[in-house]
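Notes follow once the structure below has been shown.
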Amino acid sequence: MRTWAWILQRASGAVLVFALGLHWVVQHHVSPGAEITFAGVHLKLQWLLYLVSDVLLLAFALFHGLNGLRTVILDFRVSPSAAAVLTVVLVLVGLGALLYGVPPIMAFLRG
Amino acid sequence: MQFTVFRFDPEVDREPRYSTYQVPVGEGTTLLEALLWIVDNVDGSLSFRYACREAICGACAMFVNGKHRLACKTQIKDLRADEVVVHPLPHLPIIKDLVVDMSGFWEKYRAIRPYLIAEGLGERELYQSHADRQAIDEMLNCILCACCYSSCPMVWTNPKYLGPAALLKAYRFAGDTRDKGGLERLKLVAGEDGVWRCHTVFNCAEACPKDINITWSIQALKRKLARAAVGLRP
């Protein structure tokens with residue numbers, strides 16, 4: 001499991017570089033509704049590329065950050081049972097944050 | 001020249017202290033010779049380890065003027081200092097003066113099975129090509145002095161971490177074409193207290209008196225584990 005955590009940390013880091021670049025380009029250069037008004041945001045949040053880039057960024061940033069936090073905590077003297085509890089807590093925090101973060105991005109998807 | 005030496009005798013001292021000595025230093029005088037001069041002429045109670053006097057046994061590792069060094073290999077003039085300040089290896093329990101408790105170090109060293117795992121040992125020649133030998137050449141220079149172990153911040157924060165010396169030795173055998181330890185050997189370093197605790201601080205490589213890039217070996221072990229995890233040949 002630890003080997004996979006390490007592999008996925010690197011993989012998610014690489015995806016984040018891509019997603020961050022995509023987010024920047026989409027947000028500032030090609031996105032419709034650049035004007036920050038209700039109508040502009042409404043238009044932007046219906047655009048598929050914007051939604052995909054932001055959900056991608058949120059999901060991978062959460063994984064990368066929480067997996068990194070787990071690594072930092074385990075650098076200190078942590079028992080195997082405490083490490084298992086920590087893993088469960090961080091997975092729940094990650095899923096919770098993802099479920100909390102996705103609906104606002106999708107708010108205008110249904111028109 | 002003035003030598004300031006860390007002193008602590010747990011049977012007598014409540015706290016560590018420093019002793020100062022004036023030692024005659026000539027061309028080529030080593031730190032080990034200077035310490036032996038102190039014992040012979042000034043203070044016979046000063047304790048430190050040494051054995052080979054030629055930088056191959058690793059016994060006389062110390063922290064000298066802010067850097068990990070072997071006392072026998074360090075010439076005083078090379079320190080380019082007006083004073084020599086000598087400490088025991090940092091972050092290890094002190095037995096007395098410059099002598100530290102290495103039991104944790106050896107325990108972790110034994111945990112990685114630091115020997116060749118092979119069939120037919122002693123029955124036939126186990127051939128190793130020159131190129132295969134060269135691949136682990138650097139790692140074979142390790143003298144187990146514990147300078148890397150003492151300098152690693154991950155060892156300081158997590159006493160269960162195997163540490164750079166044991167992991168270097170694990171790679172020395174995992175990278176040996178004669179070794180048949182394979183995945184079993186890799187599993188010994190794959191746990192939470194194994195290679196994953198290394199965050200490439202490079203303190204070990206900086207501290208090594210044999211100039212071994214220990215960090216590189218630990219990363220090589222990570223690569224082997226990652227390859228095995230995705231089904232590739234380690």
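Proteins get letters first, then strands, A, B, ... in listed order; numbering begins at 1 in each. Because only heavy atoms are used, hydrogens play no part in the values below, and waters and symmetry mates are left out as well, while side chains stay in. Every value quoted in this text rests on a predicted model; they were computed, and no experiment measured them.
- Both the backbone and the side chain of A:Leu74 come within less than 4.5 Å of a heavy atom in chain B.
- The line from OG1 of A:Thr3 to NZ of B:Lys224 is 14.0 Å long, rounded to the nearest 0.5 Å.
- Few gaps surround CH2 on B:Trp106; more than 12 heavy atoms of other groups in view lie less than 6.0 Å from it.
- In B:Tyr109, the OH atom is crowded: over 12 heavy atoms of neighbouring residues, nucleotides or ligands sit closer than 6.0 Å.
- In B:Glu138, the CD atom is crowded: over 12 heavy atoms of neighbouring residues, nucleotides or ligands sit closer than 6.0 Å.
- Across B:Lys160 and A:Pro80, no two heavy atoms sit closer than the pair NZ-CD, 4.3 Å.
- For B:Arg197 (side chain) and A:Phe76 (main-chain N/O), no donor-acceptor pair under 3.5 Å exists by modelled atom type.
- If you take CD on B:Glu192 and CZ on A:Arg70, they are separated by 4.5 Å, rounding to the nearest 0.5 Å.
- The heavy-atom pair separating A:Trp6 from B:Ala226 by the smallest distance is CZ3-CB, 3.8 Å.
- Expressed to the nearest 0.5 Å, how far CG of B:Asp193 lies from CZ of A:Arg77 amounts to 11.0 Å.
- Residues A:Asp75 and B:His199 form a side-chain contact, since some pair of their non-hydrogen atoms from C-beta on lies under 4.5 Å apart.
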